[in-house]
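Written below as structure tokens is the structure these notes are about.
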Amino acid sequence: MATIRYLLFMSIFAVPFWAIGGYFLYQGFTVNPITLTADGFNLKTFFFLMGGLFTLIPFLFIFLSLLFVIRKRNKIKEIVTYGKPGTAKILKLSDTGILINDNPRVKLLLEISIPNYPTYQAEKTLALSIIYLPRVQTGAIVNVLADPDDKYNENRIGLVFE
């Protein structure tokens, strides 16, 4: 359902491009085939090229952004599917110097404890919302979902904030 809403949302931004592209295509069908532009290019070809670009580029943009959303959603599903609930002690917190939507991207060294599995250390790099930054400090204990069978894959570690 969220994917459909996302497609509708993206389509709203594409509508002006499609309108312009449709106008160019219409002009391509109605212009005299021998008419040339000022620099000698065939006007009919120009209208069809521009119409095609204005029509296809939004489709390409929507397709690529949809792939990005689906890939991110699949990572979350993977953590939920294979992850076991546990806790993690933050041994080290370091800033990578990168901001994503004004949120710092941080690198954490975690000591992960999952019931009935040995404790292990793993690193996780993530963009952390400013709201959660006070909870994620060196020495703090946070809830996690982690896959103890794939200990060092940071895509299989997720911090859980309630």
Side-chain angles (χ1 to χ4, degrees), residues 1-85 88 90 93-110 122-137 140 142-147 150 152-162:
M1 185 67 182
T3 306
I4 294 170
R5 273 186 280 160
Y6 178 77
L7 282 174
L8 289 173
F9 179 73
M10 292 304 293
S11 297
I12 290 170
F13 289 105
V15 167
F17 287 92
W18 291 330
I20 293 168
Y23 177 75
F24 276 127
L25 290 173
Y26 170 75
Q27 289 298 323
F29 284 113
T30 59
V31 73
N32 187 347
I34 59 171
T35 307
L36 301 176
T37 62
D39 58 353
F41 194 73
N42 187 314
L43 193 59
K44 188 175 198 80
T45 305
F46 170 79
F47 281 138
F48 282 129
L49 278 174
M50 292 303 289
L53 286 174
F54 271 87
T55 304
L56 293 178
I57 287 176
F59 280 116
L60 182 65
F61 181 74
I62 289 170
F63 176 73
L64 291 176
S65 60
L66 189 60
L67 280 179
F68 177 77
V69 168
I70 290 170
R71 196 175 116 221
K72 193 159 187 99
R73 185 175 294 158
N74 286 342
K75 280 184 180 181
I76 293 169
K77 282 182 183 176
E78 190 174 300
I79 291 172
V80 171
T81 302
Y82 297 107
K84 308 256 187 279
I90 300 171
L93 168 70
S94 56
D95 187 10
T96 62
I98 298 171
L99 292 176
I100 299 174
N101 294 331
D102 293 329
N103 293 319
R105 185 165 171 83
V106 295
K107 188 172 196 175
L108 303 171
L109 177 63
L110 304 168
E123 287 187 344
K124 174 76 176 166
T125 304
L126 71 150
L128 188 64
S129 174
I130 292 284
I131 295 169
Y132 298 120
L133 201 54
R135 293 188 195 178
V136 182
Q137 296 297 317
V142 293
N143 293 326
V144 293
L145 278 176
D147 184 3
D150 195 0
Y152 304 108
N153 183 354
E154 72 174 28
N155 291 328
R156 296 267 178 111
I157 301 169
L159 276 62
V160 179
F161 297 109
E162 297 160 12

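These numbers come from the heavy atoms of this one structure, side chains and all, not from hydrogens, waters or symmetry mates. None of the values given here were measured: they were computed from a predicted structure.
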Decide if atom CZ of Phe61 counts as having more than 12 heavy atoms of other residues, nucleotides or ligands within a radius under 6.0 Å.
-> no
Donor-acceptor contact below 3.5 Å, side chain Lys124 vs main chain Leu110 | no
Mind telling me whether Phe54 and Phe24 have parallel, tilted or perpendicular rings, with 30° and 60° as the class edges?
-> tilted
Exercise: identify the closest heavy-atom pair between Leu159 and Leu108 = CD2-CD1, 3.9 Å
Shortest non-hydrogen contact between Pro33 and Asn42, atoms and distance = O-ND2, 3.3 Å
Leu49 side chain reached by Phe41 side chain, heavy atoms, under 4.5 Å | yes
If you count the non-hydrogen atoms of other residues, nucleotides and ligands that lie under 6.0 Å from OH in Tyr82, is the total more than 12?
-> no
For the residue pair Asn155 and Ile79, what are the closest heavy atoms and their distance?
-> O-CG1, 3.1 Å
Tyr23/Phe47 aromatic ring centres below 6.0 Å = no
Answer yes or no: does atom CG of Leu67 have more than 12 heavy-atom neighbours from other residues, nucleotides or ligands under 6.0 Å?
-> yes
What pair of heavy atoms forms the shortest contact from Ile62 to Ala14, and how long is it?
-> CD1-CB, 4.1 Å
Cation over ring face, Arg135 and Phe161, 6.0 Å, 45° = no
Assess whether atom CG of Asp39 is packed by more than 12 heavy atoms of other residues, nucleotides or ligands within 6.0 Å.
-> yes
Minimum heavy-atom separation for Ile130 to Pro104, with atom names?
-> CD1-CD, 3.7 Å
Tested for side-chain contact (heavy atoms from CB on, under 4.5 Å) against Leu25, the lone hit among Thr30, Ile20, Thr55 is Thr55
Grab the two heavy atoms, one from Thr96 and one from Thr125, that are nearest each other, plus how far apart they are.
-> CG2-CG2, 4.4 Å
Taking everything shown except Asn32 itself, do over 12 heavy atoms lie less than 6.0 Å from its CG?
-> yes
So with a 6.0 Å cut-off around CD1 of Ile34, is the heavy-atom count from everything else above 12?
-> no
From Lys44 atom NZ to Gln27 atom CD, the distance as rounded to the nearest 0.5 Å | 10.5 Å
